[in-house]
Protein chains: 2
Amino acid sequence: MNIQEFAATLGLSVSTVSKALNGREDVSPATRQRVLKAAEQHSFSPDPTARRLRRQSSDTVAFVISSPQLSFAHPFFLDMLVGVNDAMDAGGYQVIIASARSVETELDVFKRLISKQRIDGLLFGRTRRHDERIAYLLEHDVPFVTFGRSQTSDDYPYVDIDRFVVGRAGCARFITLGHRRIALIHTPEYLMLSHFEHEGYKEALHAAGIAYDETLCVEAAMAEEDGARAARRLLELPDPPTAIVCGHDFIAMGAMRAIAETGRTPGLDVGVIGADNHPFGSYVQPALTTFSADTQHAGKRMAEMLLERLSGKSSRELQEVWLPQLIVRASDGPHRSGM
Amino acid sequence: MNIQEFAATLGLSVSTVSKALNGREDVSPATRQRVLKAAEQHSFSPDPTARRLRRQSSDTVAFVISSPQLSFAHPFFLDMLVGVNDAMDAGGYQVIIASARSVETELDVFKRLISKQRIDGLLFGRTRRHDERIAYLLEHDVPFVTFGRSQTSDDYPYVDIDRFVVGRAGCARFITLGHRRIALIHTPEYLMLSHFEHEGYKEALHAAGIAYDETLCVEAAMAEEDGARAARRLLELPDPPTAIVCGHDFIAMGAMRAIAETGRTPGLDVGVIGADNHPFGSYVQPALTTFSADTQHAGKRMAEMLLERLSGKSSRELQEVWLPQLIVRASDGPHRSGM
DNA sequence: ATATTGACCGAAATCGATTTCGGTCCATCC
DNA sequence: GGATGGACCGAAATCGATTTCGGTCAATAT
C-alpha cells in the first residue's frame, strides 16, 4: 500500500494525506485526525526510502567498530551500541554498523561510508593522539561524535573518560600506601588515552616529590598476554617496582599473572591497579582494584550529542569529560615494608 | 554530482551510463570502460537511496539484540555482529541493529521493523521452544536466520550449537569419572537450548543405568548470581550431588562460588562443567571445564545463509547444527570416593 | 544498390514519497 | 450583493536513480 492507494481509500489527495501525516499546516484538524486514524488502522506508513530520496537525508548514522580482534577487551561495547541505537531510534535515525579490520584500512572505511553510503553522521572510539579520521571528517564537514579526545583538534564533539585521573589517582593511591617505586603499564602510545595516563602518573609522582624514572613506564596492548609480558620486563629490573598502575584491566590481570609467576603475591608483594572496571575484575584473585567506566551511558550520551549536532548545535557545547571513580578491591595491597 | 551531471561530462545519456555502471548489455566495451574509469576519477557512485527506491529493495537487514541487560553473558556477541556485518557488506547489504528491551516488547520490535522499516531480512538468537517471533516471520514471509532452533517450526534457516551434546557429554564425563549423583542446572525453560540440555542429560543417565531424579534438575538464568542460587538449592538437598552440569559458564561460575561457600572445594568435592567457553573460564579457580562455541563464525555463517535465502535457496538446505567440543580444564575433578 | 541485422544509444516512464503553488469554496464584511 | 480573506485541498514538479522500448547507424547479405 502506497500513499496513493491510501489516499484513495480516504477520498483525499496524496498531498493532503502527506501533509496530515507530517504535521504540516493547511490541513483541518478533523481531516488530520481522520488520516492518522486510518493510517493506524490500515497500518500504513510512508515508505522510508522514498521519503529519504525526497528529503535528501539518509536518516542513517554509522557506528564504527574498530579493531574487532580486540573487541572482547571492551565487554560493554555492545551495551554502548545498544545505548547508541536506542537514542538514535528515538530520534528517528537508524544505526548501521561498520567494521574496520585494521588500523591501516580504517580511514578507507570512513571514506567509503561518506562517499558511497551517504550517511548523516558517525560515531567511533579509540581516538588517537594524531587521528587522521578526525582530520578527514572535519575537513569534509561530516558530523560525528567520538569516544575519546585527540590532539588533532579540539573542535568536535566527544565524550571521554578522564584517563589523567586514572594515572594520577592510581599512582597517588600507591604513594599513600607507602610505595615509592611505582611503575606504569600504559596503553599503546598512539592512543590518546595513553598520553593522559602517562601525564597523570607523572603529576602524582611530582606532587609527592618522587623522581620520574622512565624505565618504569612501559607500553602494552589491551590484552592479558601483553600485560604479562610488560610486567615481566618490569620485574626483571635491578630495582623492580613494588606497585604497578595499569591502563586497562586486562593489562592488570596479565601483570598479576606475571607477578605470581615470579613467586611474589599480587596485591601483597606487588600492588596492581587497573582501569575500566571489567567484570572479570571481581572474579580474579585477588579481586582487582580499578576505575569505573560507564560505557553504556557514554553510548547513549554520544548518540544524543550527535542528534544535537545534526540539529545545529556547535561542537564546543558538546564536549564532556567524565570523572572515573576508584573501585577499591584487593589488588592494591599495602606496601609490605610500609611506612 | 548525480548521474545526470555525470553523464553530461561524458557526453552520454543517463541510461547508457546507468547500464554501463550496472553491467548491463547494450553498452559497447569501450564505452563501459570509459564510464567506469570516469566514475572512479570523479568518485561518482549512484545514490543508494534512489537506487533502492527504484529497485524496490532496501538492501538492509536487521540484527536484533535481545535482552541487552544480559548481553555480557554473550561476550562474543559483538564478534558475531562483526561477522554478520562483514558478510553482509560483501553481499552489498547494510546491517542495522535493533534492540528489544524485554521479552514482552520483542515481537513489537519485529513488527515495527517489518512494517515501517521495510527490511529485507532478519537475524536473531535466543530462540525459544515456542517462539512467536518465528511464527510471525514465517506467516509474513519475511526471510530470516536464527541462532538456535525452535519447536514452533523446522522450516526456516538456522545455525545452532548442539546443546543435546552439552547435556549428554557433560553428564557422561562425570559418569566416567565415577560420579553417580549428577545434577543439572539448565538455562531458562522457555529457551530451546534448555530443552536440549535436559534431554541430553537424561540420555546420558539412561545409558549408564542411573535413575533420573528430577530434584537434581534446576533452572537458572545465564548469570553468576542465579547460578549460585540454584547450586545452593542443590547442595542443601539431603543427598546432594557430587557433580553439576551447567547450561552456561556464568551459571557454572556461580555454582563454584556456592560450592566454595559451603566449605567444599569445586572441582574436587563437587565437579562442575559449564558451556559456551566464556573467556572468564580460564581465569577462575579452578579453571572451568566447558564446551566450545564459535559464536564469531556462527555470525558469519548466519549472514551467508541469509544471503542465500534472499537469492532463493530453500530453508531446508540452510540448517546447520554444530558440534561443541569438550574443553577440559580443572573444574571437572574426579569423584573423591571414586572407583 | 537495397534490405536486413545487430550493436548501440537515448527519451521517457517509473519507484513513492514531499512540497509548491494555484484554485475552490465558504464565511465575513462593507 | 459583491468583494475580500482565510481555510482547505489537489495537480504537478521534484528527488536520483533504473529500465523499457523505440530509434539510429554501420556492417553485412543478397
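Remember, it's a predicted structure, so these values are computed and weren't measured experimentally. Just the heavy atoms: all of them, side chains too, but no hydrogens, waters or symmetry mates, feed the values below. Lettering of chains follows the sequences in order, A, B, ..., and the numbering in each one begins at 1.
With no hydrogens or angles considered, no side-chain donor-acceptor pair links E308(B) and S311(B) at under 3.5 Å. A donor-acceptor pair shorter than 3.5 Å can be found between the side chains of S57(B) and D59(B). Side-chain atoms of D86(B) and S99(A) include a donor-acceptor pair closer than 3.5 Å.
We find that CZ of F6(A) is positioned 14 Å from C1' of dA17(C), with the value rounded to whole Å. Computed from coordinates, the L21(B) CG to dG16(D) C1' distance equals 13 Å when rounded to whole Å. Following rounding to the nearest Å, M1(B) (CE) and dA17(D) (P) show an atom-to-atom distance of 10 Å. In this structure, Q4(B) atom CD and dC15(D) atom C1' are separated by 11 Å, rounded to whole Å. The CG atom of L53(B) sits 12 Å away from the P atom of dT19(D) (whole-angstrom rounding). If you take CZ of R32(A) and C1' of dC9(D), they are 13 Å apart, rounded to a whole angstrom.
Residues E25(A) and R32(A) are not paired through a salt bridge, judged by the lack of any N-O separation under 4.0 Å between the basic side chain and the carboxylate. A salt bridge links E106(A) with R128(A); the closest basic N to acidic carboxylate O contact falls under 4.0 Å. Salt bridge absent: D154(A) and R149(A) never bring a charged side-chain N and a carboxylate O closer than 4.0 Å.
You'll find that the side chain of R51(B) is closest to dT18(D), out of dT18(C), dG16(C), dT18(D). For R54(B), whose side chain is taken as the heavy atoms from C-beta onward, the closest listed nucleotide among dA13(C), dA12(C), dC9(C) is dA13(C). Of all nucleotides listed (dA17(D), dC9(D), dT19(D)), dT19(D) comes nearest to the side chain of K19(B). The side chain of I3(B) approaches dT18(D) more closely than any other nucleotide in the set dT18(D), dC9(C), dC15(D). The side chain of D47(B) sits closest to dA17(D) out of dA17(D), dT19(D), dC9(C). Of the candidates dT18(D), dG10(D), dT19(C), the closest approach to any side-chain atom of L12(A) belongs to dG10(D). For P46(A), the listed nucleotide lying nearest its side chain is dT18(C); candidates were dT18(C), dA17(D), dC9(C). The side chain of R55(B) approaches dT18(D) more closely than any other nucleotide in the set dT18(D), dT18(C), dC8(C).
Across all strands, S15(B) comes closer than 4.0 Å to base atoms (heavy-atom distances). Among the heavy atoms of the strands lying under 4.0 Å from T31(A) are primed sugar atoms or P, OP1, OP2 only; no base atom is included.
Listed by chain and number, the residues in a salt bridge (Lys or Arg N to Asp or Glu O under 4.0 Å) with D89(B) are R112(A) (sequence neighbours excluded).
The aromatic rings of F110(A) and F124(A) sit perpendicular to each other, their planes meeting at more than 60°, with 30° as the lower class boundary.
Between N2(A) and dC15(C), a side-chain N or O to OP1/OP2 separation shorter than 4.0 Å is absent. When the side-chain nitrogen and oxygen atoms of R52(B) are compared with OP1 and OP2 of dA17(D), none of them lie within a distance under 4.0 Å. Checking the phosphate oxygens (OP1, OP2) of dG16(C), a side-chain nitrogen or oxygen of Q56(B) falls inside 4.0 Å. Residue T16(B) places no side-chain N or O under 4.0 Å from the OP1 or OP2 atom of dC9(C).
For the pair V14(A) and D26(A), both in contact range of DNA chain D, the more 5′-proximal nearest nucleotide belongs to D26(A). Toward the 5′ end of DNA chain C lies the nearest nucleotide of G11(B), the other residue of the pair G11(B) and R118(B) mapping further downstream.
Overall bending of the helix from dA1(C)-dT30(D) to dC30(C)-dG1(D), expressed as the angle between end axes built from five pairs apiece, is 60° (10° steps).
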